[in-house]
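Here is the structure we will look at, set down as structure tokens.
Every chain is numbered from 1 and lettered A, B, ... according to where its sequence line falls, protein lines coming before strand lines.
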There are 2 protein chains.
Amino acid sequence: MVDRRRTPDAHAGPSEVLRQVGMRDVASRAQVSIATVSRFINDPESLSMAMRERVEEAVRHLGYIRHGAARALSMRRSHAIGAIIPTVDNATRAGKIAALQKNCHEQGYNLLLALSEYDLDVELQQCRNLVEAGVDGIMLEGGLHHPELYHLLESRGIAFVNTIVYDPKSPYPNIGFDNRGMARRLADHLLDLGHTSLAMISGPRAGNDRARERVEGVRDALAGRGLTLAPDAVVEHPYRVAEGRLGLRRLIARDTMPTAIICGNDVLAFGAILEAQSQGLDVPGDVSIAGFDDLDWASQLPPGLTTVALPSPEVGRLAARYLIDTLKGETMPHATEVEVRLILRGSTGVPRPRG
Amino acid sequence: MVDRRRTPDAHAGPSEVLRQVGMRDVASRAQVSIATVSRFINDPESLSMAMRERVEEAVRHLGYIRHGAARALSMRRSHAIGAIIPTVDNATRAGKIAALQKNCHEQGYNLLLALSEYDLDVELQQCRNLVEAGVDGIMLEGGLHHPELYHLLESRGIAFVNTIVYDPKSPYPNIGFDNRGMARRLADHLLDLGHTSLAMISGPRAGNDRARERVEGVRDALAGRGLTLAPDAVVEHPYRVAEGRLGLRRLIARDTMPTAIICGNDVLAFGAILEAQSQGLDVPGDVSIAGFDDLDWASQLPPGLTTVALPSPEVGRLAARYLIDTLKGETMPHATEVEVRLILRGSTGVPRPRG
DNA sequence: TGCTAGCTTGTAAACGGTTACATCGACAAT
DNA sequence: ATTGTCGATGTAACCGTTTACAAGCTAGCA
């Protein structure tokens, strides 16, 4: 390997690559040992005032910035956290990621972001990547992953946590919501209002346990009253407004028109409301509609969207804490539930008697 | 430093830390040199069939995964790209980030995400962080940054590119939209319809040149007809629906009610439309409203939102390519414009004659 | 004065890869 | 048979930190 090393003060020809200033340069300028420079960076208190000042001057003068990869190699710790999420295009998720990034940053950790597109194989691939990148911990979404993924993480002793799901019975640590329970609560509310014919516009359930759990929760509520959810009363649509409209069209085209529709999230609910209104249906008079997430506009949209507020920034914050504290060697709770709030607004009401 | 090294086959007591399997382990199992293993990982073609098979067996058997930090240290290249964006909670930005991540991943680069919260000092801090993490390139948003940030990046020879802005005259590479021009086009359209009293609900302009440029573009259009934008005809509000409502209320409370309102983005426009409708105003009869972004629901919302579609995933794709190809040593175009599309929908129309 | 305890500071050995250069054969041309 | 060429493989230096351990120094104390 050709040695491109140059002392920073030396003149280098135009085609030469200047070596970055390193601890050795700082050390030689400050006339101290390289170990002292390292100590200045990591624990200035441990140095005498005189040393500290000399090193500080040199660091500032040379604009020294520590070489992260070298540090990671030496410490066997990268100070990087990875996050694998299906997509970013959702305000709820965005809040989680923002909180995660912020909290990691505050603790001196960087955030590596990877996208799985709701595909467990892609997720595994991205996970391998993050492992190679040397992340110390990983935040996952949901509890449903490629078995190989769990094996990979555990065999390498990489901290990880499933999020958005809360399941004390899961063998894996998790922080999130009781998706099933909250769907049940929402459905129960509708049943309490007198609805007997519920339907759902669910998000795609393949590889997505959150979506599945929400359907199951609604089933639970119905079962509690001796009712069932007909197979064709659940339609699956990707999380887009236009798909919500499609979903509603499919549901009202059935033999029995549902009096209440629970949507996989607010985006689908938005579409469903728009479609209902444009079909001349009154919401909630002719059909009650509800969602999950409590997005920004859920309260603004007439008639106001009944939904379940998910404090996902809190999940991001807790995930950061879980991972970083675990890395510090602390024992963290295995499962943490983040409370959700059922928010009743104008889009749900008592069913109008039918003829 | 205590040596925790153990041969992978050796039995280790419960409290012992097992050393990760490294190239040396693979080499010894395959009975080849460590260099051969490296070659197998990086360029299998250069090995004889026999060698390749032996190494492959060993790699697979031991589940070897390369140590990224060691590679980065040795190669002086981390294969990581950093992105600093203000926030994530916006579908347009999400598309850009998703495309960036995808394209980076395809080229073997990881993505480090950092958030600046529209604060140039925070942005600089995050940038320092990314530099320490050793990113090979950085994607920034906008062209307005802390001067120290530019100096930092240039002095260290880190590739970077400003995005969402297109400015051939900028000294820094950029990929994006002509924010000023597109705002002007939108305003021109409204003026062509016969509007003479325009107003704006802008996003906060501090530290945000995209927002500023959009206001300036509208000013340009007005100036082209000998008109001006009164100071109180521009109100600034954060990008939230409720803020859009507030903005509209402020604008219609003025002496002269504007007949057309251009909003900093679709979210603000959404709020403005909702507020107008709830005040009994007809859109576009009483007031035309337009935005930027063409979010998912812009076409769904009655009466359909006139807006400017920004293909931001394309920006993410191009940014990834710019950075990675630049790192390869290729000369990339200094400024690249991504075309936007003015989309006319029901929220704008000819102004109704006033009494 | 000599000794020890307690700080600071320095020395040098990892960390786990990449890669320049050396080496070694095999094979073709002389 | 000798030499040269070329491709495959090995050897070892180097990337820039951290940190165990050694060494030096000061002060307190017998």
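If you measure from atom CD1 of A:Ile34 to atom P of C:dA13, you get 13 Å, rounded to the nearest angstrom. In this structure, CE of A:Met49 is placed 17 Å from P of C:dC7, rounded to the nearest angstrom. Atoms NE2 (B:His79) and P (D:dC15) sit 18 Å apart, rounded to a whole Å. The distance between atom CD of B:Gln20 and atom C1' of C:dG17, rounded to the nearest whole Å, is 14 Å. When rounded to the nearest whole Å, the span between CE of B:Met51 and C1' of D:dG10 equals 10 Å. Taking atom CE on A:Met23 and atom C1' on C:dA12, their separation rounds to 13 Å, with Å as the unit. Whole-Å rounding puts the B:Arg24 CZ to D:dA12 P distance at 12 Å. Nucleotide C:dT8 holds its P atom 10 Å from the CD atom of A:Glu45, rounded to whole Å.
At a threshold of 4.0 angstrom between heavy atoms, the contacts of B:Met75 are confined to the sugar-phosphate backbone, with no base atom among them.
Residues B:Val55 and B:Val59 form a side-chain contact, since some pair of their non-hydrogen atoms from C-beta on lies under 4.5 Å apart. The side-chain heavy atoms of A:Ile81 and A:Asn110, taken from C-beta on, include no pair separated by under 4.5 Å. Taking the side chain as every heavy atom from C-beta outward, A:Val338 and A:Ile175 approach each other to under 4.5 Å. Using a 4.5 Å heavy-atom cutoff, the side chains of A:Tyr150 and A:Glu148 are not in contact.
B:Asp136 CG to B:Thr326 OG1: the interatomic distance, rounded to the nearest 0.5 Å, is 11.5 Å. Note that CG of A:Leu323 and CZ of A:Arg321 are 12.0 Å apart. Values are rounded to the nearest 0.5 Å. A distance of 9.0 Å separates CG in B:Leu113 from CG in B:Leu100, rounded to the nearest 0.5 Å. Note: B:Tyr172 OH to B:Leu149 CG = 9.5 Å, rounded to the nearest 0.5 Å.
Bending across the helix from C:dT1-D:dA30 to C:dT30-D:dA1, expressed as the angle between its end axes from five pairs apiece, amounts to 60° (10° rounding).
Checking B:Leu73 against B:Ser48, the closest nucleotide of DNA chain D that is more toward the 5' end is the one next to B:Ser48.
Using a cutoff of 4.0 Å between basic side-chain nitrogens and carboxylate oxygens, B:Lys102 and A:Glu117 are not scored as salt-bridged. Remark: A:Glu314 engages A:Arg317 in a salt bridge, criterion side-chain N to carboxylate O under 4.0 Å.
Within the structure, a side-chain polar atom (N or O) of A:Thr36 is placed less than 4.0 Å from OP1 or OP2 of C:dG10. Listed pair A:Ser33 / C:dG10 meets the phosphate criterion, a side-chain N or O lying under 4.0 Å from OP1 or OP2.
In the interface, the side chain of B:Arg76 is not paired with the base of D:dG16 through any donor and acceptor atom under 3.5 Å apart.
Contacts between residues 64-72 of chain B and DNA chain C, defined by a heavy-atom separation under 4.0 Å, are made by B:Tyr64, B:Arg66, B:His67, B:Ala70, B:Arg71. If you check residues 37-44 of chain B against DNA chain C, the residues with a heavy atom closer than 4.0 Å are B:Ser38, B:Arg39, B:Asn42, listed by number.
Considering only the side chain of B:Ala35, D:dG10 comes nearest among C:dT11, D:dT9, D:dG10.
Judged purely by distance below 3.5 Å, without hydrogens or angles, the side chains of A:Ser312 and A:Arg93 never pair a donor atom with an acceptor atom.
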Residue pair A:His145, A:Asn162: steps toward the side chain to side chain donor-acceptor pair (under 3.5 Å) verdict
CA-CA 10 Å; A:His145 308 290; A:Asn162 291 330; 3.0 Å; yes
